[in-house]
Amino acid sequence: MALQAAALVPATFSVPKEGKSGASFKDSSLFGVSLSDHIKADFTSSALRCKREFNHRTGAVRAQTTATATPAITRSTVDGKKTLRKGSVIITGASSGLGLATAKALAETGKWHVIMACRDFLKAERAAKSAGMSKENYTIMHLDLASLDSVRQFVDSYKRSGRPLDVLVCNAAVYQPTAKEPTFTAEGFELSVGTNHLGHFLLSRLLLDDLKQSDYPSKRLIIVGSITGNTNTLAGNVPPKANLGDLRGLAGGLNGLNSSAMIDGGDFDGAKAYKDSKVCNMLTMQEFHRRFHEETGITFASLYPGCIATTGLFREHIPLFRLLFPPFQKYITKGFVSEEEAGKRLAQV
Ligand code: LMG
Ligand code: NDP
Ligand code: PMR
C-alpha cells in the first residue's frame, strides 16, 4: 500500500527545508526509496493546492481540492459599511504543540474564534494564556477523544451553544512508541487508533451536518496526517511500517481479547499503531471527499506539517531519543520545523 499524504505548501510559505535541502540525503536512496522522489512527491506544490493519491492494488483513487487564502466573510451592510463575521473553528488537542500554535495563529488574525477542544481544561487555559491569546478569541470545551461518549457530549454541547461551525481541525493524537502492551479507550479500542482515528472519525461524522450548514465561503474539515504513515517516502520506511493489512483486527474490535489490538491483526506495536492511525486519518479525508464533497461543499484535506520534533508527542519516547531527535531532524534530514512555523502552515490550510 502506498499512500501519498496531502502536500499543502502555500505559495506564501518559504519552501520547506525538506524541499530545498541539498543535504546529505539528497538523491540518496535509503530503504530502497529515493529521497529526491519523495521530496518531489511531497513538496512541489507551490500553490495552496492539496493533491492526494492513493494507489490501491485494484486501481487508483485521486482526490484533489483547491483552496484559497483565508477569506473574510462580509455580512449585510449597515450604513454601507461591511461587517465581518468571525469564522468558528474547532481545533482538537489545542493544549500543546501544533494545536496550540495553530490556535494562536488563527486567534491572532482576529478573523477566527477558536474552540479549543481539549481533554485537560486547566492545561488548555494555561496554554492559551501563556501563548498570549486574548479571551475574546477563544473558548475551551472539554473533549476526550479516547471516549466516544465524551465525543458525543462535546458535539451536543457544541450544537447547543448555537455557534456556527465553519472549520473543524482534527489535530489531537497520542503516540506510544515504547509501550509493550496495548492500552485501551473507554470503549475498549486500542488507544492510538481509538483516539487518533476512531474518536476523530465519530467527531467528524457527527459534525458534518453543522459544517454543511455553514454559510462561510470555505468550510473545511482538516485532519493532520504524517509522512511516517506513507510508505512511498523515506520516513515512512523506517520500521515499523504502517500497514492496515486486510483490516481483520479492526473488524474484530481492536480489543486485544478476542481480536488483535492492531488493525492488521498482528502483534501489538505502539509505533506501528500510531502510524496506522495516521494512514486511517489520511484515508478518511480521501473517502469523505469522495462521498461528501459535492453534496456538502466542504473541502476535506489532510496535511503533513513537517517534523515538529520538539512537541509533547514524543513524551513517552526514551530520553536519548528526545535528546537526539531534534538535532537529527534539524541537521541531517532537514525535516525539522518549529511549532510556530507548523502552526502557521496548519492555520493557513
Ligand atoms: C525505535 O527507537 C523503538 O525502538 C521502536 O520501538 C519504535 O518506537 C521506533 O519508529 C519508532 O523507534 C529507535 C530510535 C531510538 O532510534 C533511532 O532511530 C533514533 C533516530 C534519531 C537519532 C539519530 C542519531 C543521529 C545522531 C545525530 C545527533 C545530532 C547530530 C547533530 C549534528 C549536526 C551536524 C552538522 O533510539 C535512540 O534514540 C537512540 C539513538 C542512539 C543513536 C546512536 C547513534 C547511532 C548512529 C546511527 C545513525 C543513524 C542515522 C542514519 C542516518 C545516516 C545518515 C547518513
Ligand atoms: P502534542 O502531544 O504536543 O499534542 C497533541 C495534543 O493532543 C495535546 O494537546 C493532547 O492533549 C491532545 N490529546 C491527546 N490525547 C487526547 C485525547 N484523548 N483527547 C483530547 N485530546 C487529546 O503533539 P503534536 O502537536 O506534535 O501533535 C499534533 C498533531 O500533529 C498530531 O495529529 C500528530 O500526529 C501530528 N504530527 C506531528 C508531527 C511532529 O513531528 N510532532 C509530525 C506529523 C504529524 P494534552 O495536552 O492534554 O496531552
Ligand atoms: Mg524519522 C527525510 C527523512 C525523515 C523525515 C522527514 C522524518 C520525519 N524522518 C526521517 C528519517 C528518519 N527517521 C531516519 C533515516 C530514521 C532512522 C535513523 C528515522 C527514525 C525515526 C524514529 C525512530 N523517525 C521518527 C522516529 C520516531 O519515533 C518518530 C515517529 O515515527 O513517530 C511516529 C519519527 C519521525 N520521523 C519524522 C517525523 C515527522 C516523525 C514524527 C512522526 C509523527 O509525528 O507523525
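Each residue takes its place number in the sequence, starting with 1. Just so it is clear, the model here is predicted, and its values are computed rather than measured. Counting starts at 1 for both ligands and their atoms, in listed order.
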For ligand 2, find out whether one of its N or O atoms is nearer than 3.5 Å to an N or O atom of Asp120. no
State whether the shortest distance between N or O atoms of Gly93 and N or O atoms of ligand 2 falls below 3.5 angstrom. yes
When only distance counts, is Tyr274 in polar contact with ligand 3, meaning an N/O pair under 3.5 Å? yes
How does Leu313 reach ligand 3, if at all, at less than 4.0 Å between non-hydrogen atoms: by side chain, backbone, both, or neither? side chain
Relative to the heavy atoms of [X], which atoms of ligand 2 are at a distance of less than 4.0 Å?
{"X": "Ala146", "value": "18 (N)"}
{"X": "Leu143", "value": "19 (N), 20 (C)"}
{"X": "Tyr274", "value": "33 (C), 34 (O), 36 (N)"}

Check if His317 has a non-hydrogen atom at a distance under 4.0 Å from any atom of ligand 3. yes
Judged by non-hydrogen atoms, does Lys275 sit under 4.0 Å from ligand 3? yes
Derivation and outcome, side chain to side chain contact (heavy atoms under 4.5 Å, CB included), residues Arg85 and Asp166: CA-CA 11 Å; Arg85 166 162 96 72; Asp166 306 312; 3.0 Å; yes
Can Phe314 be said to touch ligand 2, with heavy atoms closer than 4.0 Å? yes
Would you indicate whether Asp267, at its atom CG, is surrounded by more than 12 heavy atoms from other residues, nucleotides or ligands within a distance under 6.0 Å? no
Minimum-distance protein heavy atom relative to atom 19 (N) of ligand 2: Leu145 N, 2.9 Å
Tell me the protein heavy atom at minimum distance from atom 25 (O) of ligand 2, and give that distance in Å. Leu98 N, 2.8 Å
So, Lys272 and Asp276, do they make that salt bridge, N to O below 4.0 Å? yes
Is a side-chain donor or acceptor of His293 paired with a backbone partner of Ile298 at a separation under 3.5 angstrom? yes
Judged by atom type as modelled, is there a donor-acceptor pair below 3.5 Å linking the side chain of Thr185 to the main-chain atoms of Leu191? no
For ligand 2, is any non-hydrogen atom under 4.0 Å from Val174's backbone (N, CA, C, O), its side chain (CB onward), both, or neither? side chain
Which bit of Lys123 is near ligand 2, meaning a heavy atom under 4.0 Å away: side chain, backbone, both or neither? side chain
For [atom], the option (of [options]) bearing the nearest heavy atom:
{"atom": "atom 22 (C) of ligand 2", "options": "Ala172, Gly194, Ser277", "answer": "Ala172"}
{"atom": "atom 43 (C) of ligand 2", "options": "Ala235, Cys307, Gly225", "answer": "Gly225"}
{"atom": "atom 31 (C) of ligand 2", "options": "Val224, Asn171, Thr195", "answer": "Asn171"}

How far does CE of Met116 sit from OG1 of Thr92, to the nearest 0.5 angstrom? 11.5 Å
